[in-house]
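Every heavy atom of this structure was used, including side-chain atoms; hydrogens, water molecules and symmetry mates were not.
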Amino acid sequence: MVAMPQSLSSLLVHIVFSTKNRTPWISPDLRKELYPYLGAIVRNAGGVPIQIGGIDDHVHALIVLPRTMSVAQMVEKVKTASSKWMKTKGVPKFAWQGGYGAFSIGRSERDAVVAYIRGQEAHHKKRSFQDEYRELLKETGVEYDERYVWDRSRAYSAQNRNAGR
(Lines give C-alpha, C1' and ligand atoms only; values in the text may rest on other atoms or scores of the structure.)
Protein backbone atom coordinates (compact mmCIF):
# COMPACT_ATOMS: atom_id res chain seq x y z
CA MET A 1 0.00 0.00 0.00
CA VAL A 2 1.33 3.41 -1.01
CA ALA A 3 0.96 6.24 1.49
CA MET A 4 -0.77 9.33 0.16
CA PRO A 5 0.79 12.69 0.99
CA GLN A 6 -1.37 14.96 3.10
CA SER A 7 -2.28 18.56 2.41
CA LEU A 8 -2.17 20.43 5.70
CA SER A 9 -2.58 24.06 6.64
CA SER A 10 -2.98 26.42 9.55
CA LEU A 11 -4.31 29.71 8.24
CA LEU A 12 -5.54 32.25 10.78
CA VAL A 13 -7.43 35.06 9.08
CA HIS A 14 -8.93 38.23 10.58
CA ILE A 15 -11.91 39.17 8.38
CA VAL A 16 -13.67 42.54 8.64
CA PHE A 17 -16.81 43.66 6.83
CA SER A 18 -19.55 46.19 7.44
CA THR A 19 -23.22 46.58 6.80
CA LYS A 20 -24.11 48.35 3.57
CA ASN A 21 -23.51 52.08 4.02
CA ARG A 22 -22.57 51.25 7.63
CA THR A 23 -26.23 51.29 8.58
CA PRO A 24 -26.46 50.34 12.31
CA TRP A 25 -28.69 47.29 11.85
CA ILE A 26 -26.95 44.94 14.29
CA SER A 27 -28.57 45.69 17.63
CA PRO A 28 -27.09 44.31 20.88
CA ASP A 29 -29.91 41.71 21.00
CA LEU A 30 -29.24 40.60 17.43
CA ARG A 31 -25.48 40.37 18.11
CA LYS A 32 -26.11 37.72 20.77
CA GLU A 33 -27.61 35.51 18.08
CA LEU A 34 -25.69 36.69 15.01
CA TYR A 35 -22.16 35.95 16.21
CA PRO A 36 -22.88 32.30 17.11
CA TYR A 37 -24.75 31.98 13.80
CA LEU A 38 -21.70 33.30 11.92
CA GLY A 39 -19.55 30.80 13.82
CA ALA A 40 -21.86 27.97 12.76
CA ILE A 41 -21.56 29.04 9.11
CA VAL A 42 -17.75 28.98 9.39
CA ARG A 43 -17.83 25.54 11.07
CA ASN A 44 -20.23 24.13 8.48
CA ALA A 45 -17.84 25.31 5.76
CA GLY A 46 -14.96 23.42 7.42
CA GLY A 47 -13.38 26.35 9.23
CA VAL A 48 -12.89 27.07 12.91
CA PRO A 49 -14.30 30.26 14.41
CA ILE A 50 -11.89 31.62 17.04
CA GLN A 51 -13.59 34.93 17.91
CA ILE A 52 -16.43 36.88 16.31
CA GLY A 53 -17.58 40.31 17.40
CA GLY A 54 -18.19 43.87 16.37
CA ILE A 55 -20.73 46.59 16.86
CA ASP A 56 -23.93 47.79 15.20
CA ASP A 57 -22.44 48.38 11.74
CA HIS A 58 -19.60 45.88 11.25
CA VAL A 59 -18.18 42.49 12.14
CA HIS A 60 -14.71 41.15 12.91
CA ALA A 61 -14.12 37.41 12.65
CA LEU A 62 -10.91 35.59 13.52
CA ILE A 63 -11.13 32.16 11.94
CA VAL A 64 -9.00 29.22 10.92
CA LEU A 65 -9.61 28.97 7.19
CA PRO A 66 -10.09 25.43 5.85
CA ARG A 67 -7.36 24.36 3.42
CA THR A 68 -9.95 23.69 0.71
CA MET A 69 -11.51 27.15 0.62
CA SER A 70 -10.35 30.62 -0.36
CA VAL A 71 -10.99 33.66 1.82
CA ALA A 72 -13.37 34.99 -0.85
CA GLN A 73 -15.40 31.76 -0.81
CA MET A 74 -15.66 31.82 2.99
CA VAL A 75 -16.71 35.47 3.09
CA GLU A 76 -19.32 34.85 0.41
CA LYS A 77 -20.80 31.93 2.39
CA VAL A 78 -20.84 33.91 5.63
CA LYS A 79 -22.33 37.07 4.14
CA THR A 80 -24.93 35.31 1.99
CA ALA A 81 -26.27 33.04 4.73
CA SER A 82 -26.20 35.70 7.45
CA SER A 83 -27.90 38.28 5.24
CA LYS A 84 -30.79 35.88 4.66
CA TRP A 85 -30.87 35.11 8.40
CA MET A 86 -30.98 38.82 9.34
CA LYS A 87 -34.03 39.26 7.13
CA THR A 88 -35.80 36.47 9.03
CA LYS A 89 -35.00 38.38 12.24
CA GLY A 90 -37.04 41.40 11.21
CA VAL A 91 -34.48 43.42 9.26
CA PRO A 92 -35.98 43.19 5.74
CA LYS A 93 -33.61 45.67 4.07
CA PHE A 94 -30.45 44.21 5.61
CA ALA A 95 -27.38 43.95 3.41
CA TRP A 96 -23.63 43.69 3.87
CA GLN A 97 -21.22 45.97 2.02
CA GLY A 98 -19.82 44.60 -1.20
CA GLY A 99 -16.22 44.27 -0.03
CA TYR A 100 -14.26 43.04 2.98
CA GLY A 101 -10.82 43.10 4.52
CA ALA A 102 -8.86 39.94 5.24
CA PHE A 103 -5.61 39.94 7.17
CA SER A 104 -3.31 36.99 7.89
CA ILE A 105 -2.53 36.49 11.56
CA GLY A 106 0.45 34.68 13.04
CA ARG A 107 -0.01 32.32 15.99
CA SER A 108 1.81 34.80 18.24
CA GLU A 109 -0.79 37.48 17.38
CA ARG A 110 -3.83 35.33 18.07
CA ASP A 111 -4.49 36.39 21.68
CA ALA A 112 -4.05 40.10 20.85
CA VAL A 113 -6.55 39.86 17.96
CA VAL A 114 -9.05 37.97 20.15
CA ALA A 115 -8.78 40.73 22.78
CA TYR A 116 -9.11 43.38 20.07
CA ILE A 117 -12.32 41.81 18.75
CA ARG A 118 -13.74 41.40 22.26
CA GLY A 119 -13.04 45.08 22.94
CA GLN A 120 -14.96 46.47 19.96
CA GLU A 121 -17.66 48.19 22.05
CA ALA A 122 -15.12 50.21 24.05
CA HIS A 123 -12.86 50.74 21.05
CA HIS A 124 -15.61 52.37 19.00
CA LYS A 125 -16.52 54.87 21.68
CA LYS A 126 -13.27 56.61 20.66
CA ARG A 127 -12.79 55.68 17.02
CA SER A 128 -14.94 55.35 13.89
CA PHE A 129 -15.09 52.20 11.78
CA GLN A 130 -13.50 54.08 8.89
CA ASP A 131 -10.52 55.17 11.01
CA GLU A 132 -10.17 51.66 12.44
CA TYR A 133 -10.25 50.10 8.98
CA ARG A 134 -7.72 52.56 7.56
CA GLU A 135 -5.38 51.74 10.47
CA LEU A 136 -5.75 47.97 9.84
CA LEU A 137 -4.89 48.53 6.18
CA LYS A 138 -1.88 50.66 7.11
CA GLU A 139 -0.61 48.23 9.78
CA THR A 140 -0.80 45.29 7.39
CA GLY A 141 0.75 47.13 4.44
CA VAL A 142 -2.34 46.94 2.22
CA GLU A 143 -2.32 49.63 -0.44
CA TYR A 144 -5.75 51.03 -1.22
CA ASP A 145 -7.54 53.84 -3.00
CA GLU A 146 -9.85 55.72 -0.65
CA ARG A 147 -12.34 56.24 -3.49
CA TYR A 148 -13.06 52.51 -3.66
CA VAL A 149 -12.87 51.37 -0.04
CA TRP A 150 -16.36 52.48 1.00
CA ASP A 151 -19.78 51.81 -0.50
CA ARG A 152 -20.30 54.11 -3.47
CA SER A 153 -23.59 55.61 -2.32
CA ARG A 154 -22.03 56.59 1.03
CA ALA A 155 -18.87 57.97 -0.61
CA TYR A 156 -20.97 59.84 -3.17
CA SER A 157 -23.12 61.37 -0.42
CA ALA A 158 -20.07 62.45 1.56
CA GLN A 159 -18.44 63.86 -1.54
CA ASN A 160 -21.56 65.90 -2.34
CA ARG A 161 -21.79 67.18 1.25
CA ASN A 162 -18.14 68.26 1.17
CA ALA A 163 -18.53 69.89 -2.25
CA GLY A 164 -21.16 72.22 -0.78
CA ARG A 165 -18.76 73.59 1.83
Side-chain angles (χ1 to χ4, degrees), residues 5-124 127-130 132-142 144 148-151:
Q6 289 184 313
S7 296
L8 305 170
S9 70
S10 176
L11 302 171
L12 282 164
V13 182
H14 177 191
I15 301 168
V16 183
F17 53 92
S18 80
T19 59
K20 187 164 183 69
N21 298 318
R22 279 155 310 287
T23 303
W25 278 320
I26 310 170
S27 70
D29 287 340
L30 272 174
R31 283 179 230 162
K32 292 175 189 172
E33 293 181 69
L34 176 62
Y35 301 155
Y37 186 76
L38 296 175
I41 298 166
V42 170
R43 255 189 307 287
N44 289 339
V48 178
I50 305 291
Q51 185 67 48
I52 299 174
I55 61 168
D56 56 1
D57 67 354
H58 72 280
V59 169
H60 290 259
L62 178 60
I63 68 166
V64 177
L65 190 68
R67 67 174 179 76
T68 57
M69 183 175 281
S70 70
V71 173
Q73 290 169 319
M74 177 62 79
V75 172
E76 181 180 0
K77 279 188 180 296
V78 167
K79 287 168 71 174
T80 299
S82 61
S83 182
K84 290 175 184 174
W85 180 85
M86 286 290 285
K87 289 172 182 164
T88 71
K89 293 295 180 177
V91 190
K93 294 184 179 185
F94 183 85
W96 294 112
Q97 73 175 31
Y100 63 91
F103 311 96
S104 60
I105 302 298
R107 286 264 174 224
S108 63
E109 299 169 292
R110 177 186 163 151
D111 291 345
V113 173
V114 166
Y116 178 77
I117 293 171
R118 286 183 180 159
Q120 284 292 293
E121 292 276 347
H123 179 75
H124 284 289
R127 187 177 219 184
S128 72
F129 169 69
Q130 290 90 334
E132 172 191 47
Y133 195 68
R134 285 182 194 103
E135 186 64 27
L136 279 169
L137 293 170
K138 182 180 174 185
E139 286 175 0
T140 56
V142 175
Y144 66 97
Y148 305 109
V149 174
W150 317 113
D151 291 324

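Atom NE2 of residue His123 and atom OG of residue Ser128 lie 8.5 Å apart, to the nearest 0.5 angstrom. Atom OG1 of Thr23 is separated from atom NZ of Lys93 by 10.5 Å, given to the nearest 0.5 angstrom. We find the CD-CG distance between Gln73 and Leu65 to be 9.0 Å, quoted to the nearest 0.5 Å. Going from atom NZ of Lys89 over to atom OH of Tyr37 covers 10.0 Å, rounded to the nearest 0.5 Å. To the nearest 0.5 Å, the span separating CD1 on Ile105 from CD1 on Ile63 amounts to 11.5 Å. The line from NE2 of His124 to CG of Asp57 is 7.5 Å long, rounded to the nearest 0.5 Å.
Counting heavy atoms from C-beta on, the side chains of Pro28 and Glu121 never come closer than 4.5 Å. Inter-residue side-chain proximity for Trp96 and Thr80 is flagged as unmet; no heavy-atom pair is nearer than 4.5 Å. The closest side-chain heavy-atom distance from Leu8 to Arg67 is not below 4.5 Å. Using a 4.5 Å heavy-atom cutoff, the side chains of Val71 and Tyr100 are in contact. Contact check for Lys87 versus Lys84: no side-chain heavy atoms found under the 4.5 Å cut-off.
Between His14 and Tyr116, the ring planes lie perpendicular to each other; the angle is over 60°, past the 30° to 60° tilted range.
The environment of CD in Glu33 is crowded: more than 12 heavy-atom neighbours from other residues, nucleotides or ligands sit within 6.0 Å.
The minimum heavy-atom distance between Arg43 and Pro49, with the atom names listed, is NH1-CG, 3.0 Å. The two residues Val13 and Ala102 have their closest heavy-atom pair at CG1-CB, 4.0 Å. When all heavy atoms are compared, the tightest approach of Gly46 to Pro66 is O-CB, 3.4 Å. The shortest heavy-atom contact between Ile117 and Gly53 is CG2-N, 3.4 Å. Heavy atoms only, all atoms of each residue included: Ala81 and Ile41 are closest at CB-CD1, 3.6 Å.
Looking at Arg31, its side chain does come within 3.5 Å of a backbone N or O of Ile26 through a donor-acceptor pair. Remark: side-chain polar atoms of Tyr35 are not paired, donor with acceptor, to backbone N or O of Val59 under 3.5 angstrom.
His58 pairs in a side chain to side chain donor-acceptor pair (under 3.5 Å) with only one of the listed residues (Arg22, Gln97, Glu132), which is Glu132.
Every residue meeting the side-chain contact (heavy atoms from CB on, under 4.5 Å) condition with Val91, not counting sequence neighbours, appears here in chain and number order: Trp25, Leu30, Met86, Phe94. Judged as a salt bridge (charged side-chain N to carboxylate O under 4.0 Å, His left out), and not counting sequence neighbours, the contacts of Arg127 are Glu135.
Within the 6.0 Å centre-distance limit, the rings of Tyr133 and Phe129 are counted as a close aromatic pair.
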